[in-house]
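Written out below as structure tokens is the structure these notes cover.
By convention here, the first residue in the shown sequence is residue 1. All values below come from the heavy atoms of this structure, side chains included, with hydrogens, waters and symmetry mates left out. In listed order, ligands and their atoms are each counted from 1.
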Amino acid sequence: MKVLVPVKRVVDYNVKVRVKSDQTGVETANVKMSMNPFDEIAVEEAVRLKEKGIATEIIAVSAGPTAAQEQIRTALAMGADRGILVEHDGTLEPIAVAKILQAIVAKESPQLVLLGKQAIDDDMNATGQMLAALLGWAQGTFASKLEVAGDSATVTREVDGGLETVTIKLPGIVTADLRLNEPRYASLPNIMKARKKPIDVMKPADLGVDPTPRLTVLKVEEPAKRIAGKKVASVQELVDKLRNEAKVI
Ligand code: AMP
């Protein structure tokens, strides 16, 4: 079974994000970039499926700038077999990424596309769902457990009220949530081996996709600064402040 794992290059989750002075977006120049954390979880799950003898080939695909090769190499070092880079500078909305993935699915015929539940930069949480709709495939989103048997997958989903278990027919789409697994660190020998694994490079136009954005970002702003807390000396003072200052009781 072939597994396709889309991996996005995003600002590293440890970086304190700063808004650009012209408010057109967030600063990415000279900022550490990494693979989206949920995509690392998706790669790990695919590698575990391969270790169990269920997956036969794992293809890591990224749409983005030339530098997104780094994230594909990370996936290859974790155990993916080959990579596809769809080169594009500039904004790629989920619909454009979903169409790119749809075209790659048509070429590669994977049985499973394992994405992250959301990219931590734009928090869209949309690409997997859009891809499922474009392909007409079943989807199991927010997976905290995945079991593949024959031509179906059982997905335990993290929903508001608890856990929901669904079975989907393959080929299908699964999106990884935080508790699905703990991704491995790539070992040095595997990082070296990954350098020799092939990465195909193409453009959206080669796949017949026009990635022109449909949304216009009006402005990006920092969240309002939080006001410092105050210590109160007694319950009476707290009640008094809640009643007369905050006016919440
Ligand atoms: P989003 O819908 O943007 O929150 O992203 C959900 C998931 O779609 C991510 O975790 C990735 O698996 C995949 N994805 C989104 N954008 C890209 C991209 N540019 N290249 C590869 N995969 C992507």
Side-chain angles (χ1 to χ4, degrees), residues 3-13 17 25-26 28 33-47 58-76 78 80 82-105 107-108 110 112-135 137 139-144 146 155 157-158 172-181 183 199-204 206-207 209-215 217:
V3 182
L4 193 71
V5 189
V7 297
K8 186 174 187 189
R9 177 180 173 87
V10 298
V11 173
D12 188 89
Y13 72 97
V17 170
V26 300
T28 53
M33 306 293 284
S34 299
M35 188 193 303
N36 181 44
F38 295 107
D39 305 354
E40 277 184 21
I41 296 172
V43 173
E44 173 66 34
E45 198 63 19
V47 174
I58 303 168
I59 308 167
V61 43
S62 192
T66 312
Q69 291 227 9
E70 291 166 18
Q71 282 60 51
I72 296 176
R73 289 276 170 223
T74 304
L76 297 176
M78 287 173 73
R82 62 188 170 93
I84 300 175
L85 171 66
V86 184
E87 256 179 348
H88 180 74
D89 286 320
T91 307
L92 279 172
E93 290 172 356
I95 187 66
V97 178
K99 285 181 177 173
I100 286 168
L101 295 174
Q102 181 189 21
I104 291 174
V105 164
K107 281 172 92 155
E108 299 285 350
L112 180 65
V113 185
L114 198 44
L115 305 93
K117 73 162 179 180
Q118 76 190 59
I120 61 165
D121 49 4
D122 299 321
D123 279 342
M124 292 289 193
N125 178 7
T127 309
Q129 294 88 330
M130 286 182 174
L131 179 62
L134 289 172
L135 292 167
W137 286 6
Q139 56 183 310
T141 51
F142 306 98
S144 62
L146 170 66
V155 181
R157 309 183 56 233
E158 298 216 358
I173 308 284
V174 172
T175 72
D177 210 327
L178 195 62
R179 276 169 281 271
L180 183 59
N181 61 50
I199 299 181
D200 268 356
V201 182
M202 56 194 78
K203 302 267 182 210
D206 300 330
L207 297 165
V209 177
D210 172 7
T212 310
R214 299 173 175 200
L215 304 174
V217 175

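Here the heavy atom of the protein found nearest to atom 7 (C) of ligand 1 is Gly116 O, 3.3 Å. When hydrogens are left out, the protein atom nearest atom 17 (C) of ligand 1 is Val97 CG1, 3.6 Å; that is the closest non-hydrogen contact. Of all protein heavy atoms, the one lying nearest to atom 22 (N) of ligand 1 is Pro6 CB, 3.4 Å. The protein atom (non-hydrogen) at minimum distance from atom 16 (N) of ligand 1 is Lys8 CD, 3.4 Å. Nearest protein neighbour of atom 18 (C) of ligand 1, counting heavy atoms only, is Ala63 O, 3.6 Å.
Just one of Val113, Val97, Leu131 meets the side chain to side chain contact (heavy atoms under 4.5 Å, CB included) condition when paired with Gln102; it is Leu131.
Across the listed options Asp123, Asp39, Val113, Leu4, Asp39 owns the non-hydrogen atom lying nearest to atom 10 (O) of ligand 1. If you check each of Thr127, Leu114, Ile95, Val61 against atom 15 (C) of ligand 1, the one with the closest non-hydrogen atom is Thr127.
Every atom of ligand 1 is numbered from 1 in the order shown, and the set under 4.0 Å from a heavy atom of Val7 is 20 (N), 21 (C), 22 (N). Distances below 4.0 Å separate heavy atoms of Asn36 from the following atoms of ligand 1: 9 (C), 10 (O). Set against the non-hydrogen atoms of Ala119, the atoms of ligand 1 under 4.0 Å away are 1 (P), 3 (O), 4 (O), 5 (O), 6 (C). Close contacts of ligand 1 with Leu115, meaning ligand atoms under 4.0 Å from a residue heavy atom, involve 8 (O), 12 (O), 13 (C).
Any N or O atom pair closer than 3.5 Å counts here, and Asn125 shares at least one such pair with ligand 1. The shortest N/O to N/O separation between Gly64 and ligand 1 does not fall below 3.5 Å.
Although no hydrogens or angles enter the test, the distance criterion places a donor-acceptor pair under 3.5 Å between the side chain of Thr175 and the main chain of Phe142. For the pair Arg9 (side chain) and Ala67 (backbone), a donor-acceptor distance under 3.5 Å is present. For the pair Asp200 (side chain) and Ile84 (backbone), a donor-acceptor distance under 3.5 Å is absent.
The line from CD1 of Ile59 to CD of Glu108 is 4.0 Å long, rounded to the nearest 0.5 Å. Here the straight-line distance linking atom OG1 of Thr141 with atom CD of Gln118 works out to 11.5 Å at 0.5 Å rounding. Note: Thr74 OG1 to Glu70 CD = 7.5 Å, rounded to the nearest 0.5 Å.
Lys8 and Asp122 are joined by a salt bridge, as a carboxylate oxygen and a charged side-chain nitrogen come within less than 4.0 angstrom of each other. The residues Glu93 and Arg214 are annotated as not salt-bridged, no charged nitrogen and carboxylate oxygen being separated by less than 4.0 angstrom.
The two atoms that bring Thr127 and Pro94 nearest to each other are OG1-CB, 3.5 Å, heavy atoms only.
Contact annotation for Thr175 and ligand 1: no heavy atom of the residue comes within less than 4.0 Å of the ligand.
For the ligand labelled ligand 1, residue Asp122 lies outside the 4.0 Å heavy-atom shell.
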